Amino acid sequence: MVCLTFYGGVNEIGGNKILLEDGDARIFLDFGQSFTMGVDYFTGWLGPRGINGLGDYFEFGLLPKIRGLYTAEQLRFTDLLYEEPQFDGVFLSHAHVDHVNHIQFLHPKIPLYLGIGTKLFLEAMEKTSSFCDYGKHRYRTFRTGDKIKVGDLVVEPVHVDHSIPAAYGFLIHTSEGTVVYTGDLRAHGPRRDMTEDFMDKARKSEPVAMICEGTRMVEEERRKNYSEEQVAKLSRKIVSSTDKMVFVTHYSRDMDRFRSMYNAAKKNDRKIVVSPKTAHLMARLLEDKRLDLPDPLKDNEILVYYKRKKSGEFDERDYYVWEREFMDRMVTYEFVRENQGGLLMDLDFYQFAELIDIRPDPGSHFIHSMSEPYSEEDIEDIVMHNWLEHFKMRFHQLHASGHMDRQQITDLSNYINPKKLFPIHTENPQLFKKTCNNVQTVGYGNEYTL
Ligand SMILES: [Zn+2]
């Protein structure tokens, strides 16, 4: 008997935590944090207390109360009894927060299976963020083509295209047949061939069930979405149309987007300016040869922007050790100010104060290469536009989603044709019923037998 229980990603986008049990074998598919976790109880500086371990999370039902999953330390102040680990592994589909963040609570004896690139992402995040600590784990890396035996289960990771490298879906071969898990995926990125590969393998396995993401399963899409190719083309056009500064902001882990912007700069004889954090991430990702990224220490097209810190004199000692690695490539606000027409600069919203030092000429460009805000009252969006207006900069919205749209999800599920379809990672699971077959919507913590 095979059972599926959903402890996250239920009626919401993200937070996937799916338990699959087959006889004695018990694995989790992803162990992420929901984007809206705890928003009803925590805000601003009011957050769960570290000292109370999982206590503050259990109080509001923010993590499942399951024995044999967490460390004794995390359970110290809770009413959940500590037991030795009773799980054979957690399989991570990719390194986005909503798929990995809660591994910090997992017992270190439970093996974590993940792509080589995903491990590099986790390490880079721990290194460059003072808030990020995933804890100690037994990491076991995999590649497409591997077949991982866990008890009587065989798990087959298959690469997919998503807005982060090293993203995978899984075929889990169980005693009742194959269960397919899509992870997050799209078919309009530069590696759509990988998603097609996944779809073919999934279809051939004649799955008894498919757990399918539905981020963009919406009645009507109001936001403009491009393909990555279009984003690349349109950003090239913006850069070639001006002799002024061009700034861009995008998700730091989206390496396809980095490549699009890198090429837009290169084709227009500009250099790309990145933060030490991005440079560090890229340098680490070089270890995964298949990702084929430029080396920030060797590539002359890349410059690294150092902010004023501590002494204000750009002294080596002002910066973290991991930041110092790129000081040979250092540029400061003065260089950027004097070379505006020759640069394309990565500038995160939280680094906007640098604009005061850089003083971009009026008419400079800003490409917002991220999702549009959900609401018109989005505070950060309002503040961002105030800054752009203050410096008389021109705004462009250019983004390609990491997810399939409604039609593509429908085509995917009809092509793979599972005996049962469990929609997750979506606010609209009921919409699947309109266009897909054999849909079983899920409730939080409910067990579904195959
Ligand atoms: Zn994702």
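Note that ligands are numbered from 1 as they come in the structure, with each ligand's atoms numbered from 1 the same way. Source: prediction; values computed, not measured.
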> Within a reach of under 6.0 Å around CD of E206, are more than 12 heavy atoms found that belong to other residues, nucleotides or ligands?
Replying inline: no
>> Can you tell me if K119 has over 12 outside heavy atoms packed within less than 6.0 Å of its NZ?
In response: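 Not buried by this count: 12 neighbours or fewer within 6.0 Å.
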> Below 4.0 angstrom, N of the basic side chain to O of the carboxylate: do E301 and K266 qualify?
Replying inline: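 Salt bridge between E301 and K266, a charged N being under 4.0 Å from a carboxylate O: no.
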> With distance as the sole test, does E126 use its side chain to make a donor-acceptor pair with the main-chain N or O of Y134 at under 3.5 Å?
Replying inline: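 At least one qualifying donor-acceptor pair exists.
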> Does a side-chain heavy-atom distance below 4.5 Å link D299 with Y262?
Replying inline: yes
> Tell me, which protein N/O/S atoms are under 2.8 Å away from the Zn ion (ligand 1)?
Replying inline: H94 NE2, H96 ND1, H162 NE2, D184 OD2
> Taking only residues two or more places apart in sequence or in another chain, which ones pass side chain to side chain contact (heavy atoms under 4.5 Å, CB included) with F349?
Replying inline: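 Result, side chain to side chain contact (heavy atoms under 4.5 Å, CB included) vs F349: F352, E380, V383, M384.
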